[in-house]
Amino acid sequence: MSSEKTPIPLGSNFIRAIVDKDLEQGAYASRKWAGSPGDAAHQAAGQPDTAKIRTRFPPEPNGYLHIGHAKSIFLNFGLARDYNGVCHMRFDDTNPEKESQEYVDSITDSVKWLGFGWENSGESNLYFASNYFDFMYRAAEALIENGHAYVDSQSAEEMRINRGTLTEAGKNSPWRDRTVAENLALFREMRDGKHTDGSLILRSKIDMASPNINLRDPAIYRVRRAHHHNTGDKWCIYPMYTFAHPIEDALEQVTHSICTLEFEDQRPFYDWLLERLAEAGLLAHPLPKQYEFARLNLTYVVLSKRKLIQLVEEKQVSGWDDPRLPTLAGARRRGYVAEGFKLFTDRIGVSKADSWIDYSTFEDCMREVLNINAERRIAVLDPIKLVIDNYAENHVEDCFAPNHPLKPELGKRVVPLTRELWIEREDFMEVPSKGFFRLVPDGLVRLRYGYVVKCTGCEKDAQGNVTVVHCEYLPDTKSGTPGSDSVKVKGNIHWVSTQHAYECEVRLYDRLFKEAHPGEGDRDFLNDMNPNSVTVITAQLEPNLKDAKAEDSFQFERHGYFVADKKDSVAGKPVFNRTVTLKDAWQK
RNA sequence: UGGGGAGUCGCCAAGUUGGUUAAGGCACUGGGUUUUGAUCCCAGCAUCCGAAGGUUCGAGUCCUUCCUCCUCAGCCA
C-alpha cells in the first residue's frame with residue numbers, strides 16, 4: 001500500500017497550493033498584529049498574529065457588486081475561513097470623484113447577504129483606504145527623501161507622449177532630477193493647496209525604459225480638489241491605486257493579496273514600493289504578496305461596470321436591483337440564494353485561464369439548493385377552467401399536499417378541492433401531439449393530491465379557442481386513500497380551486513440578453529437584449545400563498561422556483577418573481 | 001512588432017520534484033425509481049493533454065521551434 005495516492009482536496013486550486021506552502025514553511029509566522037492596521041512600529045508593539053493568513057476584499061465604492069465580485073468574495077473570505085485566517089472588508093476609496101456612501105452601503109449589504117462578516121472576536125475588520133491617507137502621505141515623503149520619487153511639472157499630455165509605447169522606451173521627464181529638497185517643498189505645496197489640479201504630480205522614479213510600462217515612473221499622488229465621502233475636504237491630493245493598494249495591504253498585515261489578472265503587470269511595482277518602504281523602516285517583513293486569478297466571464301450577461309451603469313441610466317432596467325441584472329442586489333430580488341452562489345463558486349473553481357462559464361451552470365446551482373430548501377406550492381400560471389361534472393356543486397374537500405417531498409417532517413398542508421378548478425392551459429390538448437400524456441379527450445390523468453379524472457371534452461369560443469375543459473372524477477382514486485393506486489395514470493397535473501385561488505401578479509423573468517456574448521464583435525450590446533426578458537402575468541395561486549413573506553422562496557410545482565418580491569410584496573398580498581424554471585426534458 | 005500571462009473532454013478544472021490505467025464537477029447519452037415530463041439512483045463519456053520536433057527505460061509534466069488567445073501606453077481602479 002505504499003503507492004497509495006493522497007486524495008486531492010476538494011476545491012484545490014493554485015492559490016490554496018500557495019497558501020499551503022506558505023503555511024508549511026512558516027512564511028508569515030513571525031507577523032505581529034497590534035489589533036488594528038498600522039506601520040512597522042505600530043505592529044511591532046503587538047502580539048503574534050493569531051490569524052494564520054489575512055486576505056481582503058477591496059472594492060472601490062463606485063458601483064454595485066455583481067456576480068463576478070461574488071467569486072472574489074468567496075475566494076477571499078473562504079480562504080480566510082478555511083485556513084483560520086481573517087478577511088478584511090476594505091473600501092478602496094482613493095478616487096473621491098466616483099465614490100459615495102450609497103455604494104458603500106450596498107456593498108456591505110451584499111457581502112453580508114452572501115454570508116460573510118468582518119467582526120472577529122470583538123475586532124472589526126472593516127477598513128477604508130482613506131483611513132490611511134496620513135500614512136500614505138508620510139510614505140510619499142519617505143520615497144522623496146530617499147530619491148525614489150519626484151514632482152513632475154509635465155502636463156498629462158506631455159507625460160503620455162514621453163511614456164513611450166509598447167515597443168519604444170519612454171523619455172525622462174525634464175523635471176526628473178529635481179533635488180530632494182525641491183521635491184519635498186513642491187509636494188508639501190501640493191498638499192497645502194498651492195497648486196491647481198493637474199499642474200503637478202508626484203511620480204515614483206524607476207525606469208522610463210522599462211519594458212513594463214507600469215514601471216516607467218508611475219504617478220502616485222495627484223492634486224484633485226474633490227470632496228471625499230469619508231475625509232471630506234481634508235485633502236486636495238489623493239494617492240493613486242498603484243501606490244495606495246500595496247500600502248493598504250501592508251498596513252493591514254495582509255498576507256495574500258488576491259486580485260484579477262489585469263493587475264499582473266502591476267505586481268513588480270507592488271513589490272518595489274513595499275521594499276522601498278521597508279528599507280525606510282516604515283514597513284516590516286514579511287510583506288504581503290499579490291496573486292492574480294482569472295475574472296469571471298458569464299454568458300448571457302454583462303458584468304462591465306460601464307455597461308451596467310448604462311442599462312440603469314438609460315432605464316433599460318428598473319434600477320440596480322432589477323431582478324434581471326447580474327448585480328447581487330438584483331440577484332437577491334430575483335430569488336437567487338447565497339448558498340447557490342457558494343455552490344457556484346465552488347463548482348467553477350479558480351485558475352489563471354480565461355474562461356466563459358455557461359449561464360446555465362449558474363442556474364443549475366440555484367436549482368440545486370432551492371430544490372433542497374424551497375417548500376412546494378401550487379400555482380396555475382396560464383389558467384383555463386376545468387369542470388368536474390360529476391362532482392357536487394358546493395362541495396369543498398380537503399386534499400393534503402406535502403410541503404416538501406424530500407422532507408416529510410415539514411408536514412402537509414390542506415388544499416381545497418371543488419367542482420371548478422384552474423388548470424394549466426398547456427396541460428390540455430384536444431388533439432395531442434406525440435408523447436403528450438396530460439389531459440386529452442377520453443384520457444385519464446391525476447389531479448395531483450386529488451382524484452384521477454377522465455376528460456370528457458371541452459368548450460370553445462367563436463375563434464376556436466378552448467375556454468372550458470370538462471371531466472369526471474373516479475371516486476375511489478383519491479390520493480392517500482387505499483384505492484388511490486387502483487387506476488394507474490402517467491399524467492399528473494396541478495390545479496387550484498377557482499373559488500379559493502389567490503389571484504396574484506407573477507413576473508416571469510428570462511435572460512436579459514438573447515446572445516451568449518452581448519455586444520461581441522462590433523454589435524451594440526443593447527441590440528442583443530432579449531425583448532421578452534420579463535412577462536408579467538396574473539396567476540391563480542393556492543390560497544395559503546397569500547401569507548408568504550417577502551423573500552420567501554417556493555417551488556411552484558412543475559414550474560420552477562419563485563420568490564416573494566422583496567420590494568413590491570405587502571403583507572397578505574405578496575407578488576412573485578420567477579427565479580429559475582425547473583429542468584424540462586419534455587419541452588426541449 | 002516590447003513586456004507580462006494562459007492554452008488538459010461540449011463547459012469548468014485537478015494534475016507538487018517526469019514514473020507507467022489523465023481526478024472531480026457540470027452538460028450529455030442510456031437504464032431504473034417517482035402522484036412534480038422535477039428530484040434521486042446506476043452506467044457510459046479524453047490512447048490523449050494548442051502544434052511539431054527532441055531528451056528519456058518512461059513526459060500533460062524537461063528542452064527547442066511554432067500557433068492561438070488575454071493583458072499593459074488614465075493625473076481610473
Side-chain angles (χ1 to χ4, degrees), chain A residues 3 5 7-14 17 20-21 58-60 62 92-95 97-99 152 154-156 159-161 163-170 197-203 210-216 218-224 238 240-242 244-245 259 261-268 292 294 299 305 346-358 360-361 364-365 367-368 371-372 376 378 401-402 405-406 435-438 446-450 452 479-480 484-485 488-494 555-560 581-587:
Chain A
S3 62
K5 281 188 176 178
I8 297 157
L10 193 70
S12 165
N13 63 51
F14 79 100
D20 284 338
K21 193 177 171 199
E60 181 187 14
N62 69 342
D92 207 351
D93 55 353
T94 56
N95 184 4
E97 290 173 314
K98 293 183 172 178
E99 299 151 5
D152 198 344
Q154 291 183 107
S155 65
M159 268 180 62
R160 188 181 61 74
I161 291 166
R163 187 153 28 233
T165 68
L166 294 178
T167 53
E168 297 166 286
D197 289 12
S199 59
L200 250 35
I201 190 156
L202 185 69
R203 292 228 255 172
S210 172
N212 180 350
I213 292 180
N214 295 286
L215 259 24
R216 319 241 262 229
I220 57 180
Y221 247 108
R222 78 279 211 183
V223 181
R224 181 74 75 253
Y238 291 96
M240 301 286 291
Y241 163 87
T242 311
H245 207 90
C259 60
L261 250 24
E262 64 271 29
F263 294 101
E264 274 180 315
D265 298 341
Q266 308 240 24
R267 193 184 339 125
E292 310 86 12
T299 59
K305 203 161 271 182
D346 285 347
R347 196 166 276 180
I348 64 176
V350 177
S351 76
K352 301 188 74 151
D354 295 311
S355 62
W356 281 90
I357 307 294
D358 291 332
S360 59
T361 298
D364 278 334
C365 292
R367 283 192 189 98
E368 201 164 313
N371 177 48
I372 302 300
R376 313 285 116 130
I378 301 167
L406 306 174
F436 183 85
F437 54 72
R438 277 109 90 163
R446 176 173 292 279
L447 295 179
R448 201 159 157 73
Y449 310 128
V452 171
S479 294
S484 66
D485 291 338
K488 292 281 185 191
V489 293
K490 194 164 187 198
N492 209 293
I493 67 174
H494 62 274
Q555 183 196 97
F556 287 178
E557 294 191 65
R558 303 211 298 137
H559 283 304
T581 61
L582 249 30
K583 277 190 201 165
D584 189 346
W586 161 244
Q587 291 196 14

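Convention: sequence-line order gives letters A, B, ...; per-chain numbering from 1.
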Measure [atom1]/[X] against [atom2]/[N] and give the value in whole Å, please.
X: A:D354; N: B:rC69; atom1: CG; atom2: P; result: 12 Å
X: A:E264; N: B:rG4; atom1: CD; atom2: P; result: 11 Å
X: A:I357; N: B:rA27; atom1: CD1; atom2: C1'; result: 13 Å

Does A:D364 or A:R267 map to a spot on RNA chain B nearer the 5' end, using the closest nucleotide for each? A:R267
Go through the structure and list residues passing side-chain contact (heavy atoms from CB on, under 4.5 Å) with [X], not counting sequence neighbours.
X: A:N371; value: A:R376, A:L406, A:Q555, A:Y561
X: A:S155; value: A:E157, A:E158
X: A:S479; value: A:R446
X: A:N95; value: A:E60, A:E97, A:K98, A:E99, A:R222

Could you work out the separation of [N] and [M] based on their [atom1] atoms and round it to a whole Å?
N: B:rG54; M: B:rA73; atom1: C1'; answer: 39 Å
N: B:rG7; M: B:rA51; atom1: C1'; answer: 11 Å
N: B:rA6; M: B:rG44; atom1: C1'; answer: 32 Å
N: B:rG5; M: B:rG10; atom1: P; answer: 28 Å
N: B:rU64; M: B:rC69; atom1: C1'; answer: 22 Å
N: B:rU21; M: B:rA46; atom1: P; answer: 15 Å
N: B:rA23; M: B:rC40; atom1: P; answer: 24 Å
N: B:rC49; M: B:rG15; atom1: C1'; answer: 10 Å

In the structure shown, which nucleotide is the Watson-Crick or G-U wobble counterpart of [N], with both distances under 3.5 Å?
N: B:rU39; answer: none
N: B:rU1; answer: none
N: B:rA27; answer: none
N: B:rG60; answer: none
N: B:rU55; answer: none
N: B:rA6; answer: B:rU68

Base, sugar-phosphate alone, or nothing: which one does A:V350 contact when heavy atoms must sit under 4.0 Å apart?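 It contacts sugar-phosphate atoms only.
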Checking all strands, does A:Y238 fall into the base, sugar-phosphate, or nothing category for heavy-atom contacts under 4.0 angstrom?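 Nothing: the residue A:Y238, judged by heavy atoms under 4.0 Å, touches no strand.
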Check salt bridge (Lys or Arg N to Asp or Glu O under 4.0 Å) between [X] and all other residues, then give those that pass, not counting sequence neighbours.
X: A:D265; answer: none
X: A:D152; answer: A:R203
X: A:R347; answer: A:E368
X: A:D354; answer: none

Check: [Y] and [X] side chains under 4.5 Å, non-hydrogen atoms:
X: A:I493; Y: A:R558; value: yes
X: A:P58; Y: A:H245; value: yes
X: A:I201; Y: A:M159; value: yes

Is B:rG74 in the syn or the anti form, by the rule that syn lies within 90° of 0? syn
How does each nucleotide of nucleotides 36-41 of chain B score, in 5' to 3' order, for protein heavy atoms under 4.0 Å: base (B), sugar-phosphate only (S), or none (-)? BBSS--
What one-letter contact string describes nucleotides 72-77 of chain B from 5' to 3', where B marks a base within less than 4.0 Å of any protein heavy atom, S marks contact via sugar-phosphate atoms alone, and - marks no contact? BBSBSB
Look at the rings of A:H559 and A:H494 and say which category their plane angle falls in: under 30° parallel, 30 to 60° tilted, over 60° perpendicular. perpendicular
When you get a sec, tell me which of B:rA14, B:rC12, B:rU1 is the closest nucleotide to the side chain of A:T167?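 Among B:rA14, B:rC12, B:rU1, the one nearest the side chain of A:T167 is B:rU1.
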Please list, pair by pair, any protein nitrogen or oxygen found under 3.5 Å from a nitrogen or oxygen in nucleotides 42-45 of chain B.
none

Please tell me if A:S351 has a side-chain N or O lying less than 4.0 Å from either OP1 or OP2 of B:rA13.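 For B:rA13, OP1/OP2 do have a side-chain N/O of A:S351 under 4.0 Å.
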With the criterion being N/O to N/O and under 3.5 Å, what pairs connect the protein with nucleotides 29-34 of chain B, and how long is each?
none

